[in-house]
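Following: one structure in C-alpha cells, then a few remarks.
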Amino acid sequence: MVNLQKIESKWQKKWEDKKIFQSKKSSKKKFYCLEMYPYPSGSGLHMGHVCNYVIGDVCARFKRMNGFNVLYPMGYDSFGLPAENAAIKNKTHPKIYTEKSIKNFIRQQKEMGLSYDWSRTFSSHQPEFYKWDQWLFLKLYEKGLAYKKKAAVNWCPKCNTVLANEQVVNGKCWRHTETEVEIKELNQWFFKTTDYADKLLDGLDKLEYWPEDIKTIQRNWIGKSQGIEIHFKLKGTNKILPAYTTRPDTIFSVTFVVLAPEHPLVLELVKGTKYEKETLETIKKIKSQSIIERTTPEGKDKIGCFLGKYVINPANNEEVPLYIANFCLVDYGTGIVMADAHDQRDFEFAKKYKIPLKFVISKNGSVIDAETASEAYTADGILFNSEKFSGMKNQESIPKVIDWLEKKKGGKKTTNYRLRDWLISRQRYWGCPIPIIYCNKCGLVPVPEKDLPVKLPEKVKFGDKNPLETNNDFVNVKCPKCKKPAKRETDTMDTFIDSSWYFFRYCDNKNNKKIFDKEKIDYWMPIDQYIGGREHATGHLIYSRFITKFLKQLKLTKIDEPFLRLFNQGMLHKDGVVMSKSKGNTVSQEEIAKKYGIDTARFFLMFISSPDKDKDWNTEGVQSAYKSLIKIYSLLDKKQIKETKELQSKTNKTIKEVTKEIENFNYNIALIKIMDFVNYLTKKGCSKNSLEVLAKLISPFTPHLAEEMWEKLGNKPFISLEKWPKYDPKKIDEKFEAIDAFLEQTKKDINNIIKLVNIKPKKITIFVSETWKYNVFKKIKKELEKTRNTGEIIKNVMDKKYGKEIPKIVTSLVKNPNKIPDLILDQKTEIQVLKEIDIGFKIQIIPAEKSKENKAKQASPGKVAILVK
RNA sequence: GCAGGGAUGCCGGAGUGGUCAAACGGGCUGGGCUUAGGACCCAGUGGCUUAGUGCCUACGCAGGUUCGAACCCUGUUCCCUGCACCA
C-alpha cells in the first residue's frame with residue numbers, strides 16, 4: 001500500500017530544493033494566477049482554505065504544463081484590527097502575533113503542495129511594503145484624490161474606529177454582526193473614488209470573463225442615475241435649494257419639498273423662529289432611530305416636521321412648504337427631495353402630516369382624485385394637469401421636461417452616484433501610518449518622499465486610546481517645511497489600501513527604489529485569473545480597480561483593469577453551516593493530512609462539486625477519495641498490455657474531455673472523467689503510455705501522487721514541469737463506445753437468460769439479427785445526402801413496423817454520419833469482441849441470417865438470443 | 001421592493017432538443033471472496049410487471065412550441081445571494 005504522507009513530504013522537499021516553481025520573465029506567454037491574499041489569523045488554516053488554494057493551484061499547474069510562464073505567488077494581508085485585538089488579548093505584540101501566524105500559514109500552505117513561487121512573498125505589515133502605501137497616499141494627495149473632511153461617518157464602538165461604507169453591512173459592523181454602527185461627526189481622510197465612478201462603471205463592460213452577478217453588484221453599488229437638479233427658490237430670498245430627481249415628469253405633482261435632517265441648512269432656516277424647538281426635537285428623535293429603523297421601507301413611521309418656510313416650484317411658480325423627513329438622506333443627491341403623489345414614501349408622509357397631494361399621471365391620463373387615493377401611483381402612464389406635457393407618456397416626457405426646465409433656468413441636468421468616497425482613516429495602531437504632519441504654521445504638510453517610510457513604532461502602550469496618540473516619539477516631529485515642532489497624523493490607513501495594489505508588488509517584490517518596475521509589471525500584469533470570495537464584490541474588487549486606474553493615470557502601468565478573469569469559489573460547509581473558526585465546525589488540515597494525505601483532501605474537495613458552488617464536507621466522501629487514489633496508484637502494479645486501438649481511443653478521448661473541463665473550471669467533471677478512465681484501465685488493462693497520460697491528467701489535482709507515479713514509471717522528475725498531453729482526434733473512435741454499450745447489453749441479456757433457464761450451461765450460442773437495421777441504415781444514409789433535417793428524415797423513413805428505434809438512429813447519424821449508431825455494428829467486430837466477454841462461459845456467435853438453427857430461438861431485431869447447449 | 005442565481009433519484013451532483021429511468025461518487029440491498037470483519041469484485045437500487053427489444057410515472061408546479069423537452073418559451077411557487085426609504 002502506498003504511503004501518501006511519505007511521498008508528499010518527499011516531493012514537497014524536492015520541489016523546494018530545486019525551486020521549480022520560481023518564475024522569471026521569459027519569451028513564453030505569461031499567465032498570472034492569483035488567489036486573494038489571506039489575512040493571517042492565529043487559528044491557522046482549515047479545509048475551507050485548502051479548498052480555495054487548491055482551486056488556484058490546479059489552475060496554475062494546468063497552465064504551467066500547457067506551456068505558459070506562470071506567476072503564482074502568495075503573500076499576507078497582515079495589518080488589521082483582529083491581529084491587534086488578539087495580540088492585546090494574548091498580551092503580546094501584534095507584530096509578534098502576526099509573524100507567528102504567517103509562519104504557520106506558510107508551513108501549512110507548503111504542506112498543501114501548492115506550487116507558489118515563494119521567492120516573491122511579502123506581508124503588508126513590512127515597512128518595505130507599506131512604504132509604498134504611503135507613497136501612493138502622497139500621490140493621491142498630490143492629485144487631490146486624498147483629502148480630509150469633517151463628515152458624518154460610521155463608527156463601530158467595538159472596533160473603536162470608523163468604518164468605510166463598504167464595511168457596514170445591514171447597519172452593522174462587518175466584523176461584529178451584532179454591533180450597530182453609530183454615526184459620528186469626525187474629521188477623516190477620504191480617497192475620492194467618486195471621481196472614478198464613471199470609469200469604474202464603464203470598465204465593467206470590458207470584463208467579459210467576470211461573473212455576471214459580481215458585475216451587477218458593482219453596477220448597483222456605483223448606482224449611476226441620470227436626473228436633474230431642480231432649483232427651488234426659498235421664498236423671499238434668492239437662495240436656491242436644489243432637489244435631485246430622476247422623475248422630473250412628476251414636477252407638476254410636487255406639493256412639498258423635504259430636507260434631510262442632517263442638512264446644514266436646516267438649523268439656519270429655523271433659527272430664532274417658532275419652529276426651532278419642534279425641529280430640534282424632531283431631529284433628535286430621528287437621530288435616535290437606528291439606521292435600520294430609518295432605512296427599512298416597511299419599517300417605521302415617516303417622521304418629520306414643517307420648517308415654517310416655503311419654496312417656489314420653478315415649473316409653475318407654486319409655493320410649497322418645506323419639511324424635514326427621516327427618509328431623506330443627506331449624502332445622496334443634494335440631500336433635498338421634491339415630494340409628490342407618485343412616490344410611496346412621499347405619499348405616506350403627506351397623508352400623515354396632512355399635506356395636500358395631487359396626481360399628474362394615471363394609466364390612461366384620466367384624473368385621479370388625491371382625496372380618495374390610498375397609495376402612490378408609481379407605475380408609468382399618461383400625464384395630465386401638466387401644462388404642455390399633458391397627454392404625453394410620462395417616460396417620454398422626462399427628457400422634454402429636463403430641456404424645458406434647463407431653458408427656464410429652473411434646473412440642471414445631473415448624473416448621480418450612490419458610490420461614496422472611500423473613508424480610509426482608522427483610529428487604530430496596527431496599520432500603515434498616514435504620512436501627514438500638522439504644523440501650526442504651515443498647516444497640513446505631507447511627509448517628503450525621501451523620509452518614507454513613516455515607520456510604525458514598535459514600542460507602544462496599548463490602552464483605551466489609539467497607541468499612536470500616546471506615543472510621543474512618534475507624534476512629535478519637526479515640520480518638514482519650517483522645521484518647527486509639529487505633530488504627526490495618528491490615524492492609520494484602512495487595510496483595504498494594502499490589498500488594493502499588492503498584486504502589482506508580486507511582480508517586483510524586492511524593489512526598494514520604486515513601487516515596482518514598469519517593465520516587469522508590463523510583462524506580468526494584468527492578472528489572468530483571480531480567485532476569491534464573492535463577499536469582496538463591493539470592497540476590495542472596487543478599490544483595486546480604482547487604484548489600478550489611478551496608477552494608469554500616473555503612467556505607472558498600461559493596464560486599465562487589474563483582473564482579467566475572476567472566479568468566485570463556493571464555500572465549504574459542514575453540517576449545513578459554513579466551515580469557520582467562529583462556528584466551531586472546522587476540520588483541520590493536519591487531521592486529514594495525517595490520516596489520508598493532503599492529496600486525498602485535494603482530490604475530495606475538487607471532486608464533490610463544481611468549484612464555484614458551495615459544498616459539504618463529509619467523512620465518507622473523504623474515505624472514498626482515499627480509495628480512489630489507492631486505486632490509481634495500484635494500477636502501477638498491474639501487468640501492462642500492449643496499446644490497442646481501443647485503448648488509444650479511450651486515452652485520447654479522456655485527454656480531450658479532461659482538458660476541456662479543466663479549462664472551464666469544471667474540476668469535478670474533469671475528475672469524473674479521469675476516474676472513468678481509471679475504471680476502464682482497471683478493467684481492460686493499461687499500457688505505459690496510458691499510465692503516463694493518467695499521471696499527467698491527475699497531476700494538477702494530486703501532484704504528489706502524480707510525481708511518484710511518474711518516477712515509478714521510469715521518468716525523470718518533475719511531472720509538474722512536463723507538457724500536458726495532447727490528443728489526436730483521429731485516434732478517437734466512437735465505434736468502441738458503441739461496442740461497449742452493445743457488450744453491456746449482451747451481457748445483461750445473457751445473464752437474464754441464464755437466470756431464466758436456471759442452469760449452468762457449458763456453451764452458449766448467440767444469434768444476432770440485424771438485417772432490418774441495415775436496411776433502415778441504408779435508407780437513412782440516402783436521405784442524409786438530401787437533407788440534414790432530422791424531422792424530415794424521420795418522416796420519410798418512418799415505418800410502423802420499426803417503431804421508435806428509428807428516430808434514435810437518425811439523430812445519431814445526423815450528428816455524426818461516420819459513427820455507426822446504436823447496435824448497427826459490423827458483425828465481424830461483434831464476433832471479435834464478444835469473445836472477450838467474461839461471463840465465465842465460452843460463447844459462440846453466429847450471424848442470424850446464416851443460422852440454420854432452431855427458428856424459435858432466433859432473436860428479435862437488433863437483440864440477442866441465446867441457444868443453450 | 002429591485003437585481004442575480006437556483007429547484008434533477010435515498011443523498012451529493014452531472015446532463016441544456018433525441019442512444020435518458022438519467023454520468024460519477026456516496027448510501028442501501030443481494031451475491032462472490034473470506035473463519036469472520038474490512039478491503040476488493042459482481043449485480044441490483046421510480047412503479048407495475050404476463051419477465052419481453054413491455055407498459056406507466058418522473059428532472060419544483062401549470063401550460064405552450066416540436067415528430068420529440070429535464071433541456072426552449074410563458075406563467076407560477078419556493079429557496080439562496082447581493083442592494084435596499086437612493087428621490
Side-chain angles (χ1 to χ4, degrees), chain A residues 1 169-170 211-221 223 225 227 243-247 250 258 293-300 302 325-329 331-340 342-346 348-349 378 416-418 534-535 537-538 604 607-610 612-616 618-621 623-625 627-628 630-631 634 666 668-669 671-676 679 682-683 737-738 741 745 747-749 751-752 755-756 790-795 798 803-812 814-815 821-823 838-840 859-865:
Chain A
M1 186 91 91
V169 180
N170 289 330
E212 265 326 299
D213 59 331
I214 300 291
K215 287 197 268 185
T216 311
I217 291 170
Q218 291 208 351
R219 280 193 191 104
N220 291 343
W221 189 261
S225 69
Y244 175 76
T245 183
T246 54
R247 292 290 307 275
T250 62
V258 182
E293 280 173 325
R294 222 178 123 176
T295 59
T296 309
E298 308 82 31
K300 300 290 160 167
K302 306 285 172 271
N326 58 345
F327 63 82
C328 185
L329 307 173
D331 58 359
Y332 182 79
T334 56
I336 304 170
V337 180
M338 64 179 216
D340 52 64
H342 296 284
D343 182 285
Q344 190 57 27
R345 297 155 294 174
D346 301 349
E348 282 169 28
F349 189 84
T378 53
N416 222 314
Y417 301 92
R418 217 190 61 107
R534 199 172 266 105
E535 67 275 17
T538 55
F604 169 74
F607 182 73
I608 31 173
S609 171
S610 165
D612 61 331
K613 288 204 176 134
D614 291 347
K615 39 205 141 263
D616 261 302
N618 74 77
T619 319
E620 288 99 7
Q623 271 167 2
S624 83
K627 279 194 244 166
S628 301
I630 299 298
K631 198 170 173 182
S634 58
N666 295 324
N668 56 330
I669 303 173
L671 284 175
I672 283 168
K673 304 283 184 198
I674 290 173
M675 282 319 290
D676 192 43
N679 287 336
T682 311
K683 273 187 197 156
E737 307 271 321
Q745 187 57 48
K747 267 166 80 176
K748 260 184 203 171
D749 288 346
N751 280 330
N752 272 339
K755 246 192 242 163
L756 251 169
T790 320
E792 208 174 304
I793 299 173
I794 293 170
K795 269 185 211 160
M798 203 37 116
K804 63 182 184 184
E805 288 270 24
I806 290 170
K808 292 180 187 174
I809 299 170
V810 173
T811 320
S812 173
V814 168
K815 262 191 175 169
D822 199 19
L823 307 179
D838 180 19
I839 53 164
S860 49
K863 287 286 168 176
V864 175

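Numbers restart at 1 for each chain; the letters A, B, ... are given by sequence-line order, proteins then strands. Predicted, not measured: the structure shown is a model, and the values here were computed from it. Computed from heavy atoms alone, side chains included, the values below leave out hydrogens, waters and symmetry copies.
- Taking atom NZ of A:K215 as the reference point, atom C1' of B:G82 lies 16 Å away to the nearest angstrom.
- Listed nucleotides B:G25, B:A87, B:U81 differ in distance to A:R534; the shortest reach to its side chain belongs to B:U81.
- In this structure, A:R418 places its CZ atom 16 Å from P of B:A3, rounding to the nearest Å.
- What separates CG of A:D346 from P of B:A87 is a distance of 12 Å, to the nearest Å.
- With both pairing distances under 3.5 Å, B:A36 is matched to nothing as a Watson-Crick or G-U wobble pair.
- One atom, OH of A:Y332, and another, P of B:C86, lie 9 Å apart when rounded to the nearest Å.
- The distance between atom CG of A:D614 and atom P of B:C79, rounded to the nearest whole Å, is 18 Å.
- Distance CD1 (A:I672) to C1' (B:G12): 11 Å, rounded to an integer number of Å.
- Among B:C41, B:G82, B:G13, the nucleotide with an atom closest to any side-chain atom of A:S609 is B:G13.
- Side-chain proximity of A:D213 to B:A87, B:G4, B:G13: nearest is B:G4.
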Report the C-alpha distance between A:D213 and A:R534 in whole Å, list the side-chain angles of each, state the deciding distance to 0.1 Å, and finish with yes or no for salt bridge (charged side-chain N to carboxylate O under 4.0 Å, His left out).
CA-CA 9 Å; A:D213 59 331; A:R534 199 172 266 105; 3.2 Å; yes
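- Counting non-hydrogen atoms under 4.0 angstrom, A:R219 reaches nothing in the nucleic acid.
- Under the 3.5 Å distance criterion, the side-chain polar atoms of A:D343 are matched with a main-chain donor or acceptor of A:D346.
- For the pair A:Y244 and A:S225, the minimum side-chain heavy-atom distance is below 4.5 Å.
- A:W221 places its CH2 atom 6 Å from the P atom of B:C83, with the value rounded to the nearest Å.
- Taking only side-chain atoms of A:S610, from C-beta outward, the nucleotide of B:C24, B:A14, B:G26 with the closest atom is B:A14.
- If you find the closest nucleotide of RNA chain B to A:I608 and to A:K627, the one lying nearer the 5' end belongs to A:I608.
- Residue A:Y417 contributes atom OH, which lies 19 Å from atom C1' of B:C83 at whole-angstrom precision.
- Of the candidate nucleotides B:G4, B:A87, B:A14, B:A87 has the atom nearest to the side chain of A:T246.
- For A:L329, counting side-chain heavy atoms from C-beta on, the closest listed nucleotide (B:A14, B:A87, B:G25) is B:A87.
- Applying the Watson-Crick and G-U wobble criteria (two distances, each under 3.5 Å), B:U53 pairs with nothing in any strand.
- Searching all strands for a Watson-Crick or G-U wobble partner of B:A62 with both distances below 3.5 Å returns B:U74.
- Among the heavy atoms of the strands lying under 4.0 Å from A:N679 are primed sugar atoms or P, OP1, OP2 only; no base atom is included.
- B:G46 adopts an anti glycosidic conformation, its chi angle falling more than 90° from 0.
- Nucleic acid contact for A:K613: sugar-phosphate only, since backbone atoms but no base atoms lie under 4.0 Å from a heavy atom of the residue.
- The partner of B:C83, taking Watson-Crick or G-U wobble pairs whose two distances both stay under 3.5 Å, is B:G1.
- Sequence order on RNA chain B of the closest nucleotides to A:G621 and A:T216 puts A:T216 first from the 5' end.
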